[in-house]
Student: 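Dropping a structure here in structure tokens format, bear with me for questions.
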Amino acid sequence: MAEHLRAGVLGWPVSHSLSPRLHNHWLKQLGIDGEYTAVPVEPEHLRPTIRRLIDEGWQGCNLTIPHKEAALSIAHVIDETAQKIGAINTLVFKNGEIYGSNTDAYGFAENIRRHLPLQRQKAVILGAGGASRAVCSALHELGFEQIFITNRTEARAEELAEHFGAGFAAFPWEMREKLLEGANLLVNTTSLGLKGGEAFDLNMASLPVSALVTDIVYNPLVTPLLTAASARGNPTVDGLGMLIHQAVPGFNSWFGANPPVDESLKAMLLS
Ligand code: ATR
């Protein structure tokens with residue numbers, strides 16, 4: 001009899017995660033005998049929980065806040081992207097080993113790939129937190145020549161620019177509107193615009209109308225930034241696609257099939 005395959009997402013808190021809905025939808029669609037569950041795990045319990053899941057025969061798991069960095073000291077093998085980003089979001093348990101990878105950069109890149117501007121001279125990233133690190137890695141891979149990071153706390157932007165090296169530069173938050181001049185891509189990785197959070201007020205007058213604008217916030221799906229960008233004629237991509245695409249490599253490793261990605265998934269996730 002075929003094995004019942006198991007994976008899930010470990011976080012604290014984790015109840016808000018859309019990943020169980022996504023993976024279980026794919027399992028059902030593909031007729032795979034498996035399940036994907038949300039597991040609330042306090043930070044100090046991460047290591048023993050992972051051990052328990054391995055003992056119970058799980059195939060692996062995703063990690064979300066606050067476990068992504070801590071997993072670096074737990075995985076036996078860490079892929080290059082996860083090392084570069086300094087965070088792991090996907091673990092695969094195989095032959096007694098724990099493999100760590102980071103699929104957030106892949107998810108970001110896949111989400112904007114179809115819409116990418118032909119010119120990849122300049123990208124502007126707002127924010128320098130965990131999500132920004134994955135975006136930096138993706139934009140570097142996508143071949144952007146100049147990647148400008150601006151953050152409310154400038155030191156974090158500087159640290160990130162230094163970490164990623166050639167092509168990256170940090171700027172004070174006060175310069176964010178001026179920085180948009182000549183940009184081919186604008187990415188918001190801050191929590192500004194999040195439902196119920198602080199409003200996002202950015203004057204985009206300097207941004208070329210050909211520039212692609214994307215937001216990693218997906219609640220609401222169409223953020224105030226995306227609304228403002230569309231209104232002035234810029235192409236836009238919402239952040240939910242990143243969540244969907246980042247899930248593909250994990251699903252493939254745990255459940256042994258490539259899940260289909262299409263626009264209908266968004267409605268399913270938000271219903
Ligand atoms: P994540 O892992 O989602 O990136 P994070 O590490 O907490 O989360 O980062 C949140 C980002 O939103 C940071 O860039 C943060 O700026 P600071 O580094 O200055 O904290 C940014 N952010 C949050 N609230 C903000 C606000 N009111 N104005 C500007 N930036 C804000």
Side-chain angles (χ1 to χ4, degrees), residues 9-19 43 46 62-72 81-90 100-109 111-112 123-140 147-164 168-180 185-204 213-221 223-226 228 237-247:
V9 54
L10 278 47
W12 187 263
V14 74
S15 56
H16 65 282
S17 173
L18 291 176
S19 294
L46 181 62
N62 282 128
L63 299 167
T64 186
I65 290 169
H67 303 312
K68 290 185 178 189
E69 288 84 20
L72 291 168
T81 309
Q83 286 183 30
K84 189 84 185 152
I85 296 171
I88 289 175
N89 78 335
T90 306
S101 61
N102 192 312
T103 65
D104 286 333
Y106 167 83
F108 177 81
N111 190 34
I112 63 168
V124 175
I125 305 177
L126 307 173
S132 179
R133 297 181 83 90
V135 171
C136 284
S137 173
L139 295 186
H140 180 67
I147 301 165
F148 290 173
I149 311 166
T150 178
N151 193 48
R152 180 179 60 178
T153 311
E154 197 183 345
R156 286 183 96 187
E158 279 167 3
E159 196 262 321
L160 216 56
E162 203 169 304
H163 175 78
F164 281 93
F168 287 82
F171 295 87
W173 187 236
E174 294 67 39
M175 275 187 68
R176 62 194 181 281
E177 288 169 358
K178 174 117 182 60
L179 268 192
L180 302 178
L185 173 67
L186 170 64
V187 187
N188 175 42
T189 74
T190 73
S191 47
L192 291 169
L194 201 64
K195 204 171 184 171
E198 283 174 79
F200 195 4
D201 199 12
L202 181 75
N203 182 339
M204 284 188 279
V213 179
T214 185
D215 203 325
I216 60 148
V217 165
Y218 56 78
N219 180 23
L221 189 60
T223 62
L225 173 70
L226 298 184
V237 180
D238 68 64
L240 193 53
M242 176 178 173
L243 173 92
I244 295 170
H245 284 287
Q246 66 76 35

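Just so you know, ligand 1 is whichever comes first in the structure, and atom 1 is the first atom listed for that ligand.
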Student: Decide yes or no for Ile125 and Ile147: does some side-chain heavy atom of the first lie under 4.5 Å from some side-chain heavy atom of the second?
Tutor: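 Side-chain contact under 4.5 Å: yes.
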
Student: If you apply the rule side-chain hydrogen bond (donor to acceptor under 3.5 Å, both in side chains), what do you find for Asn102 with Thr81, and how did you get there?
Tutor: CA-CA 6 Å; Asn102 192 312; Thr81 309; over 6 Å; no

Student: Can you find a pair of side-chain heavy atoms, one from Thr214 and one from Asp238, that are under 4.5 Å apart?
Tutor: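 Thr214 does not reach Asp238 side chain to side chain.
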
Student: What are the atoms of ligand 1, with element, lying closer than 4.0 Å to any heavy atom of Gly127?
Tutor: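 Every atom of ligand 1 under 4.0 Å from some heavy atom of Gly127: 14 (O).
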
Student: How far is atom 7 (O) of ligand 1 from its nearest protein heavy atom, and which residue and atom is that?
Tutor: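 Result for atom 7 (O) of ligand 1: Arg156 NH1, 4.7 Å.
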
Student: Which residue owns the protein heavy atom closest to atom 23 (C) of ligand 1, what's the atom, and how far is it?
Tutor: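 So the nearest neighbour among protein heavy atoms is Ser191 OG, 3.2 Å.
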
Student: How far is atom 16 (O) of ligand 1 from its nearest protein heavy atom, and which residue and atom is that?
Tutor: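 Here the closest protein heavy atom is Asn151 OD1, 3.3 Å.
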
Student: For atom 26 (C) of ligand 1, which protein heavy atom lies nearest, and how many Å away is it?
Tutor: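 Result: Arg152 NH1, 3.2 Å.
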
Student: With a 4.5 Å limit on heavy-atom distance, are the side chains of Leu202 and Asn188 in contact?
Tutor: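 No, too far: nothing below the 4.5 Å cut-off.
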
Student: We want to know whether Ser19 and Asn62 form a side-chain donor-acceptor pair, criterion being a heavy-atom distance below 3.5 angstrom.
Tutor: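 Asn62 and Ser19 do not have a side-chain donor-acceptor pair below 3.5 Å.
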
Student: For atom 3 (O) of ligand 1, what is the nearest protein heavy atom, given as residue, atom name and distance?
Tutor: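 Answer for atom 3 (O) of ligand 1: Ala131 CB, 4.1 Å.
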
Student: Can you report which non-hydrogen protein atom sits closest to atom 17 (P) of ligand 1, along with the distance?
Tutor: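 Answer for atom 17 (P) of ligand 1: Thr153 OG1, 3.4 Å.
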
Student: Does any non-hydrogen side-chain atom of Asn151 lie less than 4.5 Å from one of Leu126?
Tutor: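 The answer is no, as the side chains (C-beta and beyond) never meet within the 4.5 Å cut-off.
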
Student: Would you mind running through ligand 1 and noting each atom that sits below 4.0 Å from a heavy atom of Glu198?
Tutor: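 Reading through ligand 1 atom by atom, the close ones are 27 (N).
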
Student: Do Lys68 and Asp104 meet the salt-bridge criterion of a basic N to acidic O distance under 4.0 Å?
Tutor: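 Result for this pair is yes, salt bridge flagged.
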
Student: Salt bridge check: are Arg133 and Glu159 linked by an N-O gap of less than 4.0 Å?
Tutor: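 Answer for the salt bridge query: yes.
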
Student: Got the closest protein heavy atom to atom 8 (O) of ligand 1, with its distance?
Tutor: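 Of every protein heavy atom, Gly130 N, 4.4 Å lies nearest to atom 8 (O) of ligand 1.
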
Student: Name the option, out of Leu194, Leu192, Thr190, that contains the heavy atom nearest to atom 29 (C) of ligand 1.
Tutor: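 When every heavy atom of Leu194, Leu192, Thr190 is considered, Leu192 comes closest to atom 29 (C) of ligand 1.
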
Student: What residue and heavy atom of the protein are closest to atom 9 (O) of ligand 1, and at what distance?
Tutor: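 Among all protein heavy atoms, the one nearest atom 9 (O) of ligand 1 is Gly129 CA, 3.6 Å.
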
Student: Please could you name the atoms of ligand 1 that Ala128 approaches to less than 4.0 Å, counting only its heavy atoms?
Tutor: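 That gives atoms 14 (O) of ligand 1.
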
